[in-house]
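Because only heavy atoms are used, hydrogens play no part in the values below, and waters and symmetry mates are left out as well, while side chains stay in. We're numbering straight along the sequence, starting at 1.
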Amino acid sequence: MSTLVTPAARAPRADVRRINFRFSGRGRYATCLAGHGRRHLVPEVWDLTGEVPRSRVLRIHDGGAFSAVPVATDDGHVLLCRPGADGTNHLLLAVPARDAEGGAGAAEEYPLATVRDRGVRLLPGPAPGTAAMAFVTSADRDTTLLRLSGRAEAPQWIAGLPGLLRGGVWLDETGDRLAVTSDQAGTATVILDLVRGTLAPPAGWASDEHLLLAAPRTGVLVTAVRHEGAYRLGVRHRDSEDPSVFPERLNAIDGSVTPLALDPTGRRLALAATRGVRSHLLLHDLTDDATDEIDLPPGTLHPSARWTDSGLHLVLSTPDRPPGVVTVHDSSPPRGRPTREPGQTGWAAARPRTYDGPAGSIEAIVYGDPATSGQIVLALHGGPESSWQLGFDPLFQRLAEAGIAVVAPNQRGSTGYGPAHRDAIRGAWGGPDLADVVHLGRALAAARGPGRERPMLYGVSYGAYLALLAAAAQPDLWARVAVVAPFLSGRELYEDGPPTVRTMLDRLGGREVIDDDLGPRDMIRLAGRVRSPLLIVHGERDPIIPVTHSRRLYERLREIGDREGGDLTYLEVAGVGHDPFVEGDGHIVLDRVVDFLHTSPPPSR
C-alpha cells in the first residue's frame, strides 16, 4: 500500500513554467528550471529528505540562459552550464544561502571551468566525490569525460573517447561503470569503465538491446528490445550473460508504457501508462509478474523519477497544478488527490470530453464552456506522433483567464488511442487529421449558434502546419489563427530540416501528395486561401523547423495582398529555438499570443 505526499504549501504564481527535472545521484534532491511570472528561468531545488517535498527558487546573477539540464547534488547544490557569447560554455556551482528555508533564496555562484566546445551534457553521479559527469562533445563528435565533485573545484579529466555518447545508466553504487549508447558501437548499449576509460559491449546482450533502468545495489536491469514493430521490456542481471527474460504480463499492459524507476531492491518497477489524455501510475512486481495501480489525480506523469529507500519520487502535473515533485510512500493507503495550495484560485480546471468525428470519436481536453464563452480556440498539438495530455499548460491557463474556452483535440494521427488512430495519417499528412479538425470546427461553430464568435485556431509545430491547412481549407470558418513554428510542406521540410526530421518524414510518409479538391498540402500554394487574421511566431534559432519557412510564408502572404494593420503579424523571436514560450523571454511571447487571440475578431460571416 502507498500514500502520496505532495509539496509543502506555497503561494500561487502566475505563468508558472517548470522544465528539465533531474534527480540527484542518490535521490536526496531534485532540480528543474523554473519561471514564475515575469522571471527568466532559474534553478529550483526540491528537498526530498523529509516526509514532504519542499522547493525553493534560487536567485542567481544571470538567469535564463542555460545550455544543459541542471543537476542537483546530494547536498542540495546545483551544477549548471551557461553558454557564453563567444560560443564557450561555463560550468558553475550554485550553492543556496544557509538562511533560505523556503520561497526564493539567494545563491552563491562558483565558476568551475570554461569549456571551448559547444556540446555539454551533465549526468548525475551516484557516489561521493562524483556529483555529476560532464560529457563534452567536440566539433569532430568526439567525447571528453569530466568528473564534477559537487564542490567549488575544477573538474577532473577522466577520458577522451571517439564518437558521440548518449544516455547514461549507472550500473553500480561506486560510480565505476556506466551504460551508454555510442554512435560508433555495433550494439545498442555499451559499458563505459570510468576507472580504465574504456568502452566495451556487454557480454551476452542482443545487438539491439537497450538498457533503460538499473538497480545498482542488486544488479537488476530493465532493458528494451524491438519486436514486431514495438518494444518489449526485458529483465536481466548485471553480472550474468544469460539472455533477458520478457515477463508476459509486463508486456501486456494496456496503453503507452514508460518505465520510470526501479525500487532499490530491483524487484518492483514503476511505470507510467498513458491511456488517452492521462497517465496511470503502475507498480509491477518483476518476480510475480503482477501489476498494481496507484491512485493518482488525473494528470500527467513526467518521465523523470527516482526510487530510494525513502519512497518513490515522481514529477506530476495536472491541468490546475504546475509540474512538481510528489512522493509515494509504502506505509499507508493512497490519500487521493493532492491538496490544493492555499490561495491557489487562479488556475482553471480542465476536463476530458469526447466529440463525434468523421471516422470515430475524438477525445479532447476542454477548458471553459465551448458553447457559451465569448471566444473559443481549437488548439492543435505538435508531433504529429504526439498528443495533448492532461497537464498544466501556461497558455491554456492564460486563455481561460481571459474568458476564452479551449478545445485541445487528439485527432487522428495522435498517440494513445491505438495503432489505427495513430497510423491514419501515414502517407497522408493533412488528410484524415485535417478532416477531423474541420469537422470539429464546424461542430463547435454550430453549437455556439449564429450570434457568437466563430472558433479560432492555434497550433504549434506540426499543429501549426495543420492549423494553416484548416484555415486554407475552410477560410470562412475561423475568426483568427495563431501558429508557432509552422512549416510549409512535408517536402519542403525534408529539404531544409535536420536528419532526425527527415528520418521521421520517411517513416511516416510525410512527403506523399494528397490528390483531392484541396490539392497538395503546400502553404506557399495555399496561402492565398487564408483570409483570417493571422499571427506567425517562430524562434530565430529553431533547430527542428527552420525559421526560413515562416519567413517565406510571411513574404508570400504580403505579396498576395496588404494584410498589415492587424490582419497579418509576424513575430520572429531572436536567440531562441523551437519553443519560444520556454526559452528566453517566453512570458513576452505568451503575452503576444494571448493578446492576439483575445482581440475581438470580425463579426461572423
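- Judged purely by atom type and a 3.5 angstrom limit, Gln397 uses its side chain to pair as donor or acceptor with the backbone of Pro319.
- Residues Pro216 and Ala214 approach most closely at CD-O, 3.3 Å, considering heavy atoms.
- Proximity of a side-chain donor or acceptor of Thr218 to a complementary backbone N or O of Thr265 within less than 3.5 Å is detected.
- Between Asp309 and Arg217, at least one side-chain nitrogen of the basic residue sits less than 4.0 Å from a carboxylate oxygen of the acidic one, meeting the salt-bridge criterion.
- A donor-acceptor pair under 3.5 Å links the side-chain atoms of Asp172 to the main chain of Asp176, judged by distance alone.
- At a cut-off of 3.5 Å, with distance as the only test, no side-chain donor of Thr31 or Arg22 sits close to an acceptor on the other residue.
- Inter-residue side-chain proximity for Val593 and Leu395 is flagged as met; some heavy-atom pair is nearer than 4.5 Å.
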- Message: side chain to side chain donor-acceptor pair (under 3.5 Å), that's the test. Do Thr88 and Arg116 meet it? Break it down for me.
- Response: CA-CA 5 Å; Thr88 59; Arg116 300 296 171 186; 4.9 Å; no
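- Here the side chain of Trp170 pairs no donor or acceptor atom with the backbone of Ala127 at under 3.5 angstrom.
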- Message: Please evaluate residues Asp263 and Thr308 with respect to the criterion side-chain contact (heavy atoms from CB on, under 4.5 Å), reporting the C-alpha separation (whole Å), side-chain torsions for both, the decisive distance (0.1 Å), and the verdict.
- Response: CA-CA 7 Å; Asp263 80 346; Thr308 68; over 6 Å; no
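- Side-chain atoms of Thr318 and Asp320 form a donor-acceptor pair, as typed in the model, at a separation below 3.5 Å.
- Listed for the His598 side chain is a donor-acceptor partner under 3.5 Å among the backbone atoms of Ala402.
- At least one side-chain heavy atom of Phe135 sits under 4.5 Å from a side-chain heavy atom of Leu145.
- The closest side-chain heavy-atom distance from Thr274 to Gln389 is below 4.5 Å.
- Among residues two or more places apart in sequence or in another chain, the ring-ring contact (aromatic ring centres under 6.0 Å, His included) test is passed with Phe23 by none.
- With rounding to the nearest 0.5 Å, the separation of CD in Glu109 from CG in Leu58 is 9.5 Å.
- At least one side-chain heavy atom of Val484 sits under 4.5 Å from a side-chain heavy atom of Tyr458.
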- Working for side-chain contact (heavy atoms from CB on, under 4.5 Å), residues Thr327 and Leu312: CA-CA 5 Å; Thr327 300; Leu312 172 59; over 6 Å; no
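- Of all heavy-atom pairs between Gly577 and Pro543, the closest is CA-CD, 4.1 Å.
- To the nearest 0.5 Å, atoms CD1 (Ile545) and OG (Ser461) are separated by 3.5 Å.
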- Message: Pair Asp74, Ser24 - check side chain to side chain donor-acceptor pair (under 3.5 Å), show working.
- Response: CA-CA 6 Å; Asp74 279 305; Ser24 64; 2.7 Å; yes
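- For the pair Trp307 and Arg268, the minimum side-chain heavy-atom distance is below 4.5 Å.
- Atom-to-atom distance recorded for Leu194:CG and Leu178:CG is 6.0 Å, nearest 0.5 angstrom.
- Side chain of Trp388 to backbone of Ala379: a donor-acceptor contact under 3.5 angstrom is found.
- Taking 4.5 Å as the limit, every side-chain heavy atom of Leu286 sits out of range of all side-chain heavy atoms of Arg267.
- Across Asp542 and Ala485, no two heavy atoms sit closer than the pair OD2-CB, 3.7 Å.
- Judged by distance alone, with hydrogens and angles left aside, the side-chain atoms of Glu44 form no donor-acceptor pair with the main-chain N or O of Leu33 at under 3.5 Å.
- Within a 6.0 Å radius of CZ in Arg26, other residues, nucleotides and ligands contribute more than 12 heavy atoms.
- Judged by distance alone, the side chains of Glu572 and Tyr570 do bring a donor and an acceptor atom under 3.5 Å apart.
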- Message: With side-chain contact (heavy atoms from CB on, under 4.5 Å) as the criterion, how do Val537 and Val589 come out once you've worked through the C-alpha distance, each side chain's angles and the decisive distance to 0.1 Å?
- Response: CA-CA 8 Å; Val537 181; Val589 182; 3.9 Å; yes
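- Under a 3.5 Å cut-off, the side chain of Arg18 and the backbone N or O of Pro323 do form a donor-acceptor pair.
- Nearest heavy atoms, Gly119 versus Asn89: N-ND2, 4.4 Å.
- The closest side-chain heavy-atom distance from Ile536 to Pro486 is below 4.5 Å.
- A distance of 12.5 Å separates CG of Asp140 from CG of Leu164, quoted to the nearest 0.5 Å.
- A 6.0 Å sphere centred on CZ of Arg551 holds more than 12 heavy atoms belonging to other residues, nucleotides or ligands.
- Residues Pro264 and Ala215 share a closest heavy-atom pair of O-CB, 4.0 Å.
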- Message: Under the criterion side chain to side chain donor-acceptor pair (under 3.5 Å), I'd like the reasoning laid out for Glu293 against His280: C-alpha separation, chi angles, the key distance, then a yes or no.
- Response: CA-CA 7 Å; Glu293 180 168 348; His280 300 260; 2.8 Å; yes
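- Between Leu93 and Arg151, the closest heavy-atom pair is CD2-C, 3.6 Å.
- The side-chain hydrogen bond (donor to acceptor under 3.5 Å, both in side chains) check on Tyr462 picks up Asp433, with sequence neighbours excluded.
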- Task: List the steps and the verdict of side-chain contact (heavy atoms from CB on, under 4.5 Å) for Leu48 and Arg28.
- Result: CA-CA 5 Å; Leu48 309 177; Arg28 292 171 54 83; 5.9 Å; no
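- Of the possible donor and acceptor atoms, one in the side chain of Arg238 sits under 3.5 Å from a partner among the backbone N and O of Leu171.
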- Item | Worked check of ring-ring contact (aromatic ring centres under 6.0 Å, His included) between Trp347 and Phe396 | CA-CA 10 Å; Trp347 290 329; Phe396 293 170; over 10 Å; no
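- Of the charged side-chain nitrogens involved, none lies within less than 4.0 Å of a carboxylate oxygen, so that Asp183 and Arg166 do not count as a salt-bridged pair.
- A donor-acceptor pair is defined here as one N or O able to donate and one able to accept, closer than 3.5 Å; such a pair exists between the side chain of His329 and the backbone of Ser310.
- Side-chain contact check for Glu209 and Thr223: at least one donor-acceptor pair (N or O, by modelled atom type) lies under 3.5 Å.
- The structure places CG of Leu165 at 7.5 Å from OG1 of Thr137, a figure rounded to the nearest 0.5 Å.
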- Check the pair Thr189 / His210 against side chain to side chain donor-acceptor pair (under 3.5 Å), numbers first and verdict last. CA-CA 6 Å; Thr189 296; His210 297 262; 5.1 Å; no
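- Annotation: side chain of Tyr29 is not in contact with side chain of Thr73 (no heavy-atom distance under 4.5 Å).
- To the nearest 0.5 angstrom, Met133 atom CE is 8.5 Å from Gln156 atom CD.
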